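Below is one structure, written out as structure tokens; the observations come after it.
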Amino acid sequence: MKLRITPLNFASAFFLVTAVYCWIYGVKISGYQFKHMSGTIGGIFILFAVVVSFMDILFRNFFYEIKKLWIVELSFITLAVIIFLLVK
């Protein structure tokens with residue numbers, strides 16, 4: 001099996017690091033410390049990491065060439081960011 005590094009691998013690693021950071025240092029939004037919600041928010045980031053990993057597996061099954069895989073995954077990330085910013 002060949003190890004292929006893709007953009008969604010970086011995204012899932014980011015979500016895992018963010019979850020661990022939330023559990024260790026807590027969450028602070030708008031200057032207010034959420035001490036009791038850090039576990040819940042960390043769990044949400046773990047859920048995001050699982051979903052992104054699942055999407056990476058799906059994309060790997062459909063696109064075998066690494067160049068096409070990178071283009072599709074970067075397009076997916078860009079679309080998700082645009083939708084997030086429009087909803088925000």
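Since this is a predicted model, take the numbers as computed values, not measurements.
Here CG of L58 is found 9.5 Å from CZ of F76. Values are rounded to the nearest 0.5 Å. Distance check: I41 CD1 to T18 OG1 gives 12.0 Å after rounding to the nearest 0.5 Å. Interatomic distance, CZ of F14 versus CG of L8, reported as 13.5 Å (0.5 Å rounding). To the nearest 0.5 Å, atoms CG (N61) and CZ (F59) are separated by 11.5 Å. The distance from the OH atom of Y64 to the CZ atom of R4 is 9.0 Å, given to the nearest 0.5 Å.
Under the 4.5 Å side-chain heavy-atom criterion for ILVMFWY residues, a single connected hydrophobic cluster contains both F84 and V81. At a threshold of 4.5 Å between side-chain heavy atoms, the hydrophobic network of Ile, Leu, Val, Met, Phe, Trp and Tyr places M55 and F63 in one connected group. In terms of hydrophobic clustering, with Ile, Leu, Val, Met, Phe, Trp and Tyr side chains grouped at heavy-atom distances under 4.5 Å, I82 and I77 are assigned to different clusters. No single ILVMFWY cluster, assembled from side-chain heavy atoms under 4.5 Å apart, contains both L74 and I71.
Put simply, the side chain of E73 reaches to within 4.5 Å of the side chain of D56, judged on heavy atoms. A heavy-atom distance below 4.5 Å is found between the side chains of R60 and T6.
The other residues sharing a hydrophobic cluster with V87 are L79, I83, where clustering joins ILVMFWY side chains under 4.5 Å apart.
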For a quick test of your reading: what N or O donor-acceptor pairs under 3.5 Å do the side chains of residues 42-52 make, sequence neighbours left out?
none

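Closest heavy-atom contact between S38 and V27: CA-CG2, 4.1 Å. Across all their heavy atoms, I5 and I66 have their closest contact at O-CD1, 4.4 Å. Heavy atoms only, all atoms of each residue included: S53 and S12 are closest at OG-CB, 3.7 Å.
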